[in-house]
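All remarks here apply to the structure that follows.
Worth knowing before you read on, the calculation uses all heavy atoms, side chains too, and leaves out hydrogens, waters and symmetry mates. Because the structure is a prediction, the values reported are computed rather than measured.
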Amino acid sequence: MATDATAKFQNPDFHPVSKPQDYVPTPTVSPHDGLHYWQFMIAGSIAGMVEHMAMFPVDTVKTHMQALGSCPIKSVGVRQALGSILKSEGPAALYRGIGAMGLGAGPAHAVYFSMYEMCKKYFSGGNPNNPGAHAISGVFATVASDAVFTPMDMVKQRLQLGTNLHSPYKGVWDCVRKVFREDGVRAFYASYRTTVLMNAPYTAVHFATYEAAKRALNEISSEHADDERLIVHATAGAAAGGLASVVTTPLDVVKTQLQCQGICGCDRFKSGSISDVFRTIVRKDGYKGLVRGWAPRMLFHAPAAAICWSTYEASKTFFQDLNGSSNSGTVT
């Protein structure tokens, strides 16, 4: 029966065409950028650690400038803040708390970029140039990654505000133990709501700007896109990081206040209310206090985003080449 049915539907006018000798089937490694999601996580982790370690001294200056009360730095100026840190403790003070940053940045950025790539694939609807998809994917990415990063960011900022003579903490784990003993788990997430409220618009602006700038730069120099790929990623990243950082500075000031309360004479707030912190800042320092540290914040995020995106894209390219070579070796 099967033979008769097959013969019935055969058309004598159609003849099978033999495959060319050099025919090689196209292998499918992954449905998204040719990478597995664990590869996005590794690429993101490398990018995050390189970015934050390279820019850590600038972050230290920003933290000192944003802290209120009797903390070591009271001047708003970048030059004065940096000079005061160097004069009081030397260059080593710029790297206090870098261990906490190293422990937090890698895992957080692994979550950050893998979540972004997963959401971008889902929300783009097959259109890679959809700015709305880029923005909403960035928001989902930051909500997930901030849950990982916020505790160590709090530890990092407390260590940054200490001094060799007056620091209440001996190191990262000593800070973790003391904070947990004195204030419990809640202290590690005191600024989580503010961080998400700050980073949600930050990442929405950041990712939408980055993808748009990258596309525009590739169109301008489309003939040399491969040769100038690193420059394109770095330039687009710097533009995205600089713009997004300036827009969200007031919320970053609030976040610093919540994470550093009670340290080095900084104010301690009765509640974790964002509006309460806003009112305290305005009362003590006026509205200019809400943009305190915007310059080092921009100086941090513009080059940091350039470093992060170029490192991330370079890592992706490495994995794409690795996947391509491994697949070509297995296809016969």
Side-chain angles (χ1 to χ4, degrees), residues 27-56 59 98-124 128 130 133-156 172 188-189 192 195-196 198-200 202-204 206-211 214 229-230 232-234 236-237 240-241 244 301 303-327 330:
T28 301
V29 178
S30 169
H32 187 54
D33 279 359
L35 297 182
H36 304 286
Y37 282 102
W38 66 265
Q39 293 173 323
F40 286 126
M41 295 183 75
I42 293 177
S45 180
I46 294 170
M49 293 186 69
V50 171
E51 168 201 351
H52 285 285
M53 296 296 191
M55 301 304 300
F56 194 82
D59 182 66
I98 196 170
M101 176 61 75
L103 289 171
H109 278 72
V111 173
Y112 187 67
F113 280 105
S114 59
M115 180 64 73
Y116 173 69
E117 296 288 356
M118 183 171 63
C119 291
K120 184 173 72 170
K121 176 190 173 185
Y122 178 79
F123 289 115
S124 63
N130 185 342
H134 301 150
I136 192 65
S137 298
V139 172
F140 275 92
T142 197
V143 170
S145 65
D146 284 344
V148 178
F149 188 63
T150 296
M152 277 302 168
D153 189 46
M154 182 276 296
V155 172
K156 180 263 299 182
V172 174
F188 293 96
Y189 286 94
Y192 179 68
T195 301
V196 171
M198 175 188 70
N199 284 340
Y202 174 88
T203 50
H206 183 112
F207 281 110
T209 303
Y210 171 76
E211 298 284 0
K214 182 177 69 172
R229 183 162 47 187
L230 183 62
V232 167
H233 293 315
H301 281 282
I307 293 169
C308 186
W309 277 111
S310 55
T311 305
Y312 177 66
E313 296 290 352
S315 300
K316 281 174 59 178
T317 300
F318 169 78
F319 282 122
Q320 287 167 343
D321 293 341
L322 184 66
N323 289 342
S325 62
S326 63
N327 278 284
T330 58

Non-hydrogen atoms of S310 and L230 that approach each other most closely: CB-CD1, 3.4 Å
Pairing residues for A100 by the side chain to side chain contact (heavy atoms under 4.5 Å, CB included) criterion, not counting sequence neighbours: M152, V155, K156, V172
Distance in Å, L103 CG paired with M49 CE, rounded so as to fall on 0.5 Å steps: 8.0 Å
Side chain S145, main chain Y112, donor-acceptor under 3.5 Å: no
Residues that H52 engages under side chain to side chain donor-acceptor pair (under 3.5 Å), provided they are two or more places apart: none
Donor-acceptor under 3.5 Å (T317 side chain, E313 main chain): yes
Residue pair V139 / A200: nearest heavy atoms and the distance that separates them: CG2-O, 3.6 Å
Residue pair M53 / I98: nearest heavy atoms and the distance that separates them: SD-CG1, 3.5 Å
Partners meeting salt bridge (charged side-chain N to carboxylate O under 4.0 Å, His left out) with E211 (sequence neighbours left out): K120, K214
Any side-chain heavy-atom pair of Y192 and V143 under 4.5 Å: yes
Close side-chain approach of L35 and E117, heavy atoms under 4.5 Å: no
Partner set under ring-ring contact (aromatic ring centres under 6.0 Å, His included) for F318, not counting sequence neighbours: none
P107 to V148 - nearest heavy-atom pair and separation: CB-CG1, 4.0 Å
Test item: T142 side-chain N/O and G138 main-chain N/O as donor-acceptor pair under 3.5 Å: no
Over all atoms of both residues, closest heavy-atom pair of A234 and A306: O-CB, 3.2 Å
Which residues share a ring-ring contact (aromatic ring centres under 6.0 Å, His included) with F56, sequence neighbours left out: none
Ring centre gap for Y37 and F40 strictly below 6.0 Å: yes
Distance (rounded to the nearest 0.5 Å) between S137 OG and M115 CE: 10.0 Å
Exceeds 12 heavy-atom contacts within 6.0 angstrom, atom CZ of F140: no
Sidechain-backbone polar pair: Y189 side chain, A147 backbone, donor-acceptor under 3.5 Å: yes
With D146 via salt bridge (charged side-chain N to carboxylate O under 4.0 Å, His left out) - residues at least two apart: none
Pair Y312 and H109, ring centroids less than 6.0 Å apart: no
Parallel, tilted or perpendicular: ring planes of H134 versus Y116, cut at 30 and 60 degrees: tilted
Taking every non-hydrogen atom, the tightest pair across A105 and F149: N-CE1, 3.8 Å
N323 side, atom CG; Q39 side, atom CD - distance, nearest 0.5 Å: 4.5 Å
